[in-house]
Each structure stands twice: as C-alpha cells, then as structure tokens.
Amino acid sequence: MKQAKWILSMCGAAICAGVMLCSFAPSNKHKNKAAKSGKQGEWELVWHDEFNGNGAPDPTRWDYETGFVRNYERQWYTPENAYRRGGNLVIEARETDFACPSYDPESGNWRHSRERVHWTSASVVTKDRFTFTYGRLEVRARIPVCAGAWPAIWLLGSDWPWPANGEIDVLEYYQLNGQPTILANVCWAGDTEDDTQWDSSYTPLKHFTARDGRWAERFHVWRMDWDEQAIRLYLDDELLNETPLSRTVNGKVRGEGINPFHYPQYLLLNLALDTRVEHIDSSLFPIRYEIDYVRVYQSSRHP
C-alpha cells in the first residue's frame, strides 16, 4: 500500500470488467497437500494460516491496525470487520455512520479532524507475532474489483521508519487512470528526504479477464519469492515484477545506506477504500475481500 505516492485516478463506476465484483458466496476449498506435508518441493512450510473455523482470526498469528491509518483513506479500521467464515478470512468494508472516536475539533491532523466515520474495514498484520527474511509467500485470495475497492497483500520492515524500512506490495488493486489495475511494487528510501524509490509493475485487469471472463469470481494465488539477490512477484505463476536487491539500497539521509530487504518483514492484509474515487456506490456494500490461506516457506539452504 503506497504511503506517499499518489498515482490514483477518479472513477465512480460500480462495475469493472463487465462483472459485478464485490462479494460472493464461499467457494470450495483448495487446501493442498503442501500445507499438510509442510513441504513444497525444496521449500519448507514455516508459518501458515488456513483460516479454518469461524470467528475472529487467530490472535497468536494476527493483530489489527485501528482507526484512520494512512493515505487519507476513508475507512476506519476496526477488528470487527475481519472474521473467519467457510474456511476463509473475510475482510469486509461496510457503510456506516457514527461519531469518530478520535475526533478532536482543535486538531489539524486528518486522523483526528473527521467528526464522523462513514465507512469501516479491517487490516490484519503479523507485526510482533511473525516476521521473516527471505522465503516464499503464497496467498490464495478472491479480491473485490469494484470501483473504490483497494485490497492489498503487502510487507513492511519494522527496524526503520517508512520508506527506509522497505515495502513489498505483493498485491495492490485499484483504478489507475480509470482502468482497473493489478500492481506489484517494491519501495525503499532514496537519497534525499523527499526521494522515495519505487519499482512498480502495472497490469490492466483486462489482461486476465480477456483470458477468463469469470476471473473476478475465482480465487487466485499471489506469490513472492524473496532471496538475497531479488524479489519476484507472481500472480497465478505469471511473473509480474522482479526487483534485483542490488538496486534497493537506501540513501544515507533517511535510510542509513542499508538495504532493508536483507532484514525481517511482517505481513499485512487489508481492504482500503480509494480516496481518489469520487463516489463509491452505496449498493456495493458490504465489499468483501476473501483470503483462503497464507503460507510462508523457507529453503533448507536458508534456515
């Protein structure tokens, strides 16, 4: 999720790529043998959540972001909007109206200057519960692709302030110049206080829907392969972006000249509402982002 790069455009359409795209009934599961055996070829399963059962996510694995958090987004993050159902983690954006708990009429900070909350959603994180350096991440999910939805699978370091901590966006989806787009990004600190470096890939959603008219109804696998040389981001085994780590050394002003991608990162799953969409159709709510599983593997060569 970009915290300082505004490249989003305004779009108020309620239907994208010809499909009504915001929530679906639970599907049959594909809990494959890799999770049961703990192995996937040369990779060993070191951490995972299959989201079996019902109710809140496992508190030993997940924590929550709360309130208005970043990017001047509309949604108030609250734990109640993340729940397990039918073998999935469901992150749900809802339309609502209540007094903002953090409202301060004297504050100039956008997080406290809003008198009321009109939308809620959830962001679950593994910060302080699980981090890793190098490995393979797989997330099987079904994303909402209606105008205004901004689902993400991403990672952050916790040793330095953003962007010097490094950011890996395995998935971002939003309207880019009015066109539904899948993004895969890597971010680090540049040479000056205002310099944030991005290596970003933009793939129009129609690249996928042209091959499968029911793409938005299905679950898909987002994957990151991360080693000492590069970060590679995939969607259904199609390489979207490859970033050599020789490029990702922070500048000295904000990032101490270190490479953040040789240090641990934690995982975030969230559904934001895109502020650059002028109007989000009320009929689309609740908007649901469904995650079947999250799996982290590491090579036996890098215990």
Side-chain angles (χ1 to χ4, degrees), residues 1 26-65 79 81-92 122-143 151-158 166-173 184 218-228 231-240 261 263-271 288-303:
M1 296 288 290
S27 72
N28 293 331
K29 311 313 299 150
H30 294 269
K31 310 290 188 183
N32 67 34
K33 293 180 181 178
K36 295 179 181 178
S37 68
K39 293 193 176 181
Q40 186 191 64
E42 67 178 73
W43 299 97
E44 278 191 40
L45 186 67
V46 297
W47 187 93
H48 69 112
D49 198 335
E50 308 297 312
F51 301 114
N52 295 319
N54 294 295
D58 182 349
T60 68
R61 290 182 170 93
W62 302 98
D63 199 4
Y64 304 90
E65 295 186 299
N81 290 47
Y83 56 91
R84 291 175 298 156
R85 185 180 69 185
N88 296 325
L89 171 66
V90 182
I91 298 177
E92 187 171 273
S123 176
V124 298
V125 303
T126 66
K127 187 176 183 181
D128 300 325
R129 284 159 172 75
F130 173 74
T131 63
F132 68 104
T133 308
Y134 312 135
R136 168 171 287 182
L137 168 69
E138 287 188 348
V139 180
R140 184 172 184 268
R142 178 163 57 188
I143 66 169
I153 302 164
W154 54 306
L155 299 100
L156 285 173
S158 54
E167 174 179 332
I168 305 169
D169 299 316
V170 183
L171 156 71
E172 284 193 85
Y173 167 86
R218 307 186 196 281
F219 282 80
H220 303 276
V221 176
W222 279 267
R223 186 175 100 230
M224 173 190 69
D225 285 351
W226 172 23
D227 59 28
E228 296 97 326
I231 295 168
R232 300 171 182 89
L233 304 176
Y234 299 82
L235 172 51
D236 291 334
D237 293 324
E238 179 177 345
L239 180 64
L240 301 183
F261 302 111
Y263 293 85
Q265 297 233 328
Y266 65 91
L267 177 67
L268 305 91
L269 305 172
N270 71 290
L271 174 57
R288 296 189 180 101
Y289 171 25
E290 300 162 281
I291 299 97
D292 181 7
Y293 58 71
V294 177
R295 297 171 184 165
V296 177
Y297 301 85
Q298 289 188 317
S299 170
S300 57
R301 294 175 296 174
H302 302 288

S.K.: Run the salt bridge (Lys or Arg N to Asp or Glu O under 4.0 Å) test against R84 and tell me which residues pass, sequence neighbours left out.
M.R.: none
S.K.: Test of understanding: with side-chain hydrogen bond (donor to acceptor under 3.5 Å, both in side chains), list the residues that count as partners of D58, not counting sequence neighbours.
M.R.: T60, R61
S.K.: Working to the nearest 0.5 angstrom, can you tell me the gap between L171 CG and L235 CG?
M.R.: 8.0 Å
S.K.: Looking at every heavy atom in both E65 and S123, which two are closest together, and how far apart are they?
M.R.: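 Heavy atoms of E65 and S123 come nearest at OE1-OG, 2.7 Å.
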S.K.: Which residues satisfy the side-chain contact (heavy atoms from CB on, under 4.5 Å) test with A122, sequence neighbours excluded?
M.R.: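 Applying side-chain contact (heavy atoms from CB on, under 4.5 Å) to A122 gives N81, A82, I91.
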S.K.: Please examine the side chains of L267 and V124, heavy atoms only from C-beta on, and report whether any two atoms are closer than 4.5 Å.
M.R.: no
S.K.: Quick check: do T131 and Y263 have side-chain heavy atoms less than 4.5 Å from each other?
M.R.: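 Side-chain contact under 4.5 Å: no.
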S.K.: Could you state the interatomic distance from CD (Q298) to CH2 (W43), rounded to the nearest 0.5 Å?
M.R.: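 Going from the CD atom of Q298 to the CH2 atom of W43 covers 8.5 Å.
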S.K.: Using a strict 4.0 Å threshold on nitrogen-to-oxygen distance, state whether R142 and D292 make a salt bridge.
M.R.: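 So R142 does not pair with D292 through a salt bridge.
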S.K.: Apply the test side-chain contact (heavy atoms from CB on, under 4.5 Å) to residues L137 and L155: give CA-CA distance (whole Å), side-chain angles for both, the deciding distance (0.1 Å), then the verdict.
M.R.: CA-CA 10 Å; L137 168 69; L155 299 100; 4.1 Å; yes
S.K.: Are the side chains of V139 and M224 in contact, using a 4.5 Å heavy-atom criterion?
M.R.: no
S.K.: Quick one: CD on E167 to CH2 on W154, what's the gap to the nearest 0.5 Å?
M.R.: 5.0 Å
S.K.: Distance check, rounded to the nearest 0.5 Å: E228 atom CD versus F261 atom CZ?
M.R.: 15.0 Å
S.K.: For Y83, check side-chain hydrogen bond (donor to acceptor under 3.5 Å, both in side chains) against everything at least two apart and list the hits.
M.R.: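 Residues passing side-chain hydrogen bond (donor to acceptor under 3.5 Å, both in side chains) with Y83: E92.
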S.K.: Within this structure, what is the CD1-CD distance for the pair I143 and E290, rounded to the nearest 0.5 Å?
M.R.: 11.5 Å
S.K.: Within this structure, what is the CZ-CG distance for the pair R288 and N88, rounded to the nearest 0.5 Å?
M.R.: 11.5 Å
S.K.: State, yes or no, whether a side-chain contact exists between P57 and Y64 at a heavy-atom distance under 4.5 Å.
M.R.: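 Result yes, sub-4.5 Å side-chain heavy-atom pair found.
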S.K.: Would you say V221 and Y293 make side-chain contact, with heavy atoms under 4.5 Å?
M.R.: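 Counting from C-beta outward, V221 and Y293 do come under 4.5 Å.
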S.K.: Would you call D63 and R129 a salt bridge, using N to O less than 4.0 angstrom?
M.R.: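 Result for this pair is yes, salt bridge flagged.
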S.K.: So which heavy atom on P151 is nearest to which on L271, and how close?
M.R.: N-CD1, 3.8 Å
S.K.: With sequence neighbours excluded, tell me which residues meet side-chain contact (heavy atoms from CB on, under 4.5 Å) with R218.
M.R.: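 Here the qualifying residues are D212, R214, H220.
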S.K.: Do Y289 and I153 have side chains that approach each other closer than 4.5 Å (heavy atoms only, starting at C-beta)?
M.R.: yes
S.K.: Sequence neighbours excluded, which residues qualify as ring pair (Phe, Tyr, Trp, His ring centres under 6.0 Å) partners of W47?
M.R.: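 Applying ring pair (Phe, Tyr, Trp, His ring centres under 6.0 Å) to W47 gives W62, F130.
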S.K.: Go through the steps for L233 and I168 under the test side-chain contact (heavy atoms from CB on, under 4.5 Å), then give the verdict.
M.R.: CA-CA 9 Å; L233 304 176; I168 305 169; 3.9 Å; yes
S.K.: Check side-chain hydrogen bond (donor to acceptor under 3.5 Å, both in side chains) between D237 and all other residues, then give those that pass, not counting sequence neighbours.
M.R.: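 Testing D237 for side-chain hydrogen bond (donor to acceptor under 3.5 Å, both in side chains), a comparison that skips the adjacent residues, returns R223.
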